[in-house]
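Heads up, the thing below is written out as structure tokens.
What you see is a predicted model, and the numbers here were worked out from it, not measured in a lab. Convention: sequence-line order gives letters A, B, ...; per-chain numbering from 1.
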Amino acid sequence: MRASVVGLLTLAACAGLVVVSPRRALSPGPLTRGHGDLGERCLDCHSAFRGPRPERCTACHDAARFARRAASAAGAGSRARAILGLHRARASADCLACHTDHGGPDPARATRRFSHDALGPESPPCADCHADAAPRDDLHGTSPGACDACHRTSAWRPATFAHDSVFPLDRDHAVACRTCHDVAGDYRRYTCYGCHEHAPGRIRAQHAEEGITRDLDRCVRCHRDTAGERGEGGGD
Amino acid sequence: MPHRSVLARQVLPSVAAYVALVLAAVLADRLLHAAGLAGVGRVLGPVGTGLIIASFAYSLRKRKLLRLGSPKALLELHEVLGWVGALAILVHAGVHVHALIPWLAVGAMLVVVASGFVGKLLLRRAGDALRAREEEGGRERDPAAERRRVLDAATVDVMKRWRAVHMPLNAAFVVLALVHVVAALMLWR
């Protein structure tokens with residue numbers, strides 16, 4: 001038999017198969033239980049040449065109700081609150097950034113790995129989802145809502161704090177945090193008397209020569225770096 | 001022991017290459033899943049398709065639709081690209097039996113690859129037979145021997161009969177693969 005005839009017969013067989021049962025012909029896997037009744041109606045979710053569209057999801061699903069049900073399924077606590085916060089922020093956005101299907105009847109297998117990139121440029125404040133997870137210590141308490149100044153969405157750690165904006169940690173000051181921040185968890189408090197170079201008696205004597213006798217524990221008020229010093233009231 | 005020699009020199013390497021194709025695909029699939037890189041399989045679909053399309057340069061050269069390259073070199077390239085392309089497609093398919101059309105396409109591809117190995121075997125056997133006849137006739141081998149072998153009437157006849165099977169199989173594979181690609185482009189984003 002000629003190749004062209006075989007090709008045409010194969011094409012006709014494929015077309016027949018797609019018409020009779022598009023699910024058996026093309027579906028990459030079983031739908032979730034909730035979508036099971038869609039059966040052969042692929043185009044209820046998929047648009048030709050555009051794939052599955054979020055507007056097809058919201059044609060059936062009320063985003064807010066969907067979020068409450070998902071949070072309820074997640075139970076109590078921070079995870080449920082995160083799910084609610086996320087859905088509230090993304091109520092009218094792209095469901096398919098996180099949800100998928102054809103992974104089997106279990107709905108838990110129909111979610112992609114969450115990526116904060118899916119939130120887009122108009123992402124909600126971190127606390128909308130992570131309010132329970134925010135640390136309560138003084139450092140974090142002084143900068144609510146500014147998580148992204150030090151942390152990235154890929155992981156809480158490593159975090160970057162721009163110490164240079166307060167006091168540059170040059171070669172002589174590359175020490176463990178607790179050398180200066182001697183009260184655990186309180187990073188607003190510090191002492192410069194944690195090393196031999198800054199012995200209290202010596203510092204007191206040096207400053208007395210210049211008539212400075214007050215606030216000798218608030219070094220950074222004048223000494224913003226190791227090169228020199230600012231005048232009184234140079235800012236705190 | 002001429003039969004054992006034919007088996008060792010011609011049949012076994014082809015069978016080994018075919019078995020290696022399947023084993024390499026299973027191994028690559030397992031490794032990608034273990035490394036959490038199963039998504040790479042999706043990319044391997046277009047890659048394998050591209051390699052197989054590139055391997056058709058030999059067919060174009062044979063039909064004089066392509067003027068570049070020697071047919072012998074392009075045939076060797078056809079074999080290599082066909083094997084590597086088939087490997088990429090097998091890894092792309094994974095071991096997930098769901099939709100019929102893509103799986104029929106994979107099945108057709110495996111049959112076409114097997115048919116390709118049979119064609120290679122037939123060509124080699126015909127070449128060996130011609131060489132034997134030349135040696136019996138006392139003719140020395142010369143650079144033109146390769147060309148005479150290709151033109152040898154017996155070889156042409158055998159290969160013509162083989163192509164009558166190989167090309168329809170290939171047509172079925174190409175159509176099934178095309179339907180799968182068009183469906184994926186239509187329904188996937």
Has the side chain of A:His46 got a donor or acceptor atom that lies under 3.5 Å from a matching backbone atom of B:Leu187?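 It does hold such a pair.
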
Exercise: identify the closest heavy-atom pair between [X] and [Y]:
X        : Y        : answer
B:Ala171 : A:Ala3   : CB-O, 3.3 Å
B:Pro168 : A:Arg2   : CG-C, 4.4 Å
A:Val6   : B:Ala172 : CG1-CB, 4.0 Å

For [X], is it the side chain, the backbone, both or neither that has a heavy atom under 4.5 Å from a heavy atom of chain B?
X       : result
A:Leu43 : side chain
A:Ser47 : backbone
A:Leu17 : side chain

Can you sort out the partners of B:His92 under side chain to side chain donor-acceptor pair (under 3.5 Å), two or more places apart, ordered by chain and number?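 Testing B:His92 for side chain to side chain donor-acceptor pair (under 3.5 Å), a comparison that skips the adjacent residues, returns none.
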
Pick out which of B:Val175, B:Val179, B:Val174, B:Leu104 makes a side chain to side chain contact (heavy atoms under 4.5 Å, CB included) with A:Thr10.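 So the option named by the test is B:Val175.
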
Taking every non-hydrogen pair under 4.5 Å, which of A:Ser27, A:Pro22, A:Pro30, A:Cys42 racks up the most with chain B?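 Most heavy-atom pairs under 4.5 Å with chain B: A:Ser27.
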
Quick check for you: among A:Gly7, A:Cys14, A:Ala25, which has the greatest number of heavy-atom pairs under 4.5 Å with chain B? A:Ala25

Which pairs with one or both residues in residues 19-35 of chain A pass salt bridge (charged side-chain N to carboxylate O under 4.0 Å, His left out), sequence neighbours excluded?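 The answer is A:Arg23-A:Glu40.
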
Between atom CZ of A:Arg50 and atom CE of B:Met186, what is the distance when rounded to the nearest 0.5 Å?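 The CZ atom of A:Arg50 sits 13.0 Å away from the CE atom of B:Met186.
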
Quick one: does A:Val18's side chain get under 4.5 Å of B:Ile101's, heavy atoms only?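 SC-SC contact between A:Val18 and B:Ile101 confirmed.
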
